[in-house]
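For reference, the structure is listed below as structure tokens.
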Amino acid sequence: MRIDILTVVPELLESPFNHSIMKRAKDKGLAEVHVHNIRDWSTDKKHRKVDDYAFSTTAGMVMTIEPIERAINQLKSERSYDEVIFMTPDGKPFKQQDANALSLKGNLIILCGHYKGVDQRVRDHFITMEISIGDYVLTGGELAASLVCDAIIRLIPGVLSDETSALTDSFQDGLLSPPVYTRPADYKGWKVPEILLSGNESKIEEWRLEQAYERTKKIRPDLLDDEV
């Protein structure tokens, strides 16, 4: 997989892809992440400007269409892309099922919003998917893009040491994950549930499912509503 991220502040994305699982994916050659500064495509060579005032009394600046078009067109001239994604708070809420689907793609472009957003014509003519990570507004789409990349890349076969681990994550089956325990079995009188020490795998799996359902019902009942 290759992911190209378009941003006006590439420095914000230096760390997330150079550590932990993301670095492992890159080192194994399973994923490439290329960060591009949209200012490199600005026609304003002196100030490298990529924003302008909105055609209204709306406060704040708007990312202009030309440098974004030039950037996307250049990337598309070099290879084909499955999706051109725009990170925006008014996009479709990003869920595990979206990460699953995107992990099967080949090449992706992710455009990070900034300022008051981008000229609507960018969204109308270039964007194939709009993603939000929550009902709140960030300074820009860079941190959101890094989260989406992490959720996608970790699902690529070979990235995680144990590939089955991702299959038991929260949301994969529409439920939150059940509680987990490790050694010691008794710490200051706080004991691991006896069922987990029984060795009865079928009973343990039944317990895990019950716990997952109860946790979901208590913490995220909306997930159960989605299943109805």
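Count residues from 1 along the sequence. Worth knowing before you read on, the calculation uses all heavy atoms, side chains too, and leaves out hydrogens, waters and symmetry mates.
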Using side-chain heavy atoms (C-beta onward) and a distance below 4.5 Å, is [X] in contact with [Y]?
X	Y	result
Leu75	Tyr81	yes
Leu102	Ile131	yes
Thr7	Leu12	no
Leu155	Asn100	yes

Please find the pair of heavy atoms, one from Asp186 and one from Gly189, that lie closest to each other, and give the distance.
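For Asp186 and Gly189, the tightest heavy-atom pair comes out as OD1-N, 3.0 Å.
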List for me each residue that meets side-chain contact (heavy atoms from CB on, under 4.5 Å) alongside [X], sequence neighbours excluded, and say none if there are none.
X	result
Met22	Phe17, Asp150, Ile153
Leu196	Tyr181, Val192, Pro193, Ile204, Trp207
Glu214	Lys217
Lys49	Asp44, Asp51, Asp52

Can you tell me which residue pairs pass the side-chain hydrogen bond (donor to acceptor under 3.5 Å, both in side chains) test with a partner in residues 22-33, sequence neighbours excluded?
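Residue pairs passing side-chain hydrogen bond (donor to acceptor under 3.5 Å, both in side chains), neighbours aside: Asn18-Lys26, Lys23-Asp27, Arg24-Ser161, Glu32-His34.
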Is it the case that one hydrophobic cluster holds both [X] and [Y], taking links as side-chain heavy atoms less than 4.5 Å apart, direct or via other members?
X	Y	value
Met129	Val148	yes
Ile38	Leu13	no
Ile65	Met63	yes
Leu6	Val122	yes
Ile127	Ile85	no

Might you work through the side chain to side chain contact (heavy atoms under 4.5 Å, CB included) test for Tyr213 and Leu224, ending with a clear yes or no?
CA-CA 9 Å; Tyr213 179 82; Leu224 299 178; 3.9 Å; yes
Filter on salt bridge (charged side-chain N to carboxylate O under 4.0 Å, His left out), then keep only pairs touching residues 59-79, sequence neighbours left out; what's left?
none
Any pair with a residue in residues 126-146 that passes salt bridge (charged side-chain N to carboxylate O under 4.0 Å, His left out), sequence neighbours left out, goes on the list, sorted by first then second residue, please.
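Matches after skipping sequence neighbours: Arg123-Glu130.
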So with a 6.0 Å cut-off around [atom1] of [X], is the heavy-atom count from everything else above 12?
X	atom1	value
Glu194	CD	no
Lys45	NZ	yes
Tyr136	OH	yes

With sequence neighbours left out, write down each residue that passes side-chain hydrogen bond (donor to acceptor under 3.5 Å, both in side chains) with [X], or none if nothing qualifies.
X	answer
Gln120	Asp124
Asn73	none
Thr128	Glu83

Pairs of donor and acceptor atoms involving the side chains of residues 106-117, under 3.5 Å and at least two apart or interchain, shall be tabulated with distances.
| unit_1 | atom_1 | unit_2 | atom_2 | d |
| --- | --- | --- | --- | --- |
| Asn107 | ND2 | Ser80 | O | 3.0 |
| Tyr115 | OH | Arg39 | NH2 | 3.2 |

Listed partners of Lys92 passing salt bridge (charged side-chain N to carboxylate O under 4.0 Å, His left out), at least two apart
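With neighbours one apart ignored, the set is Asp98.
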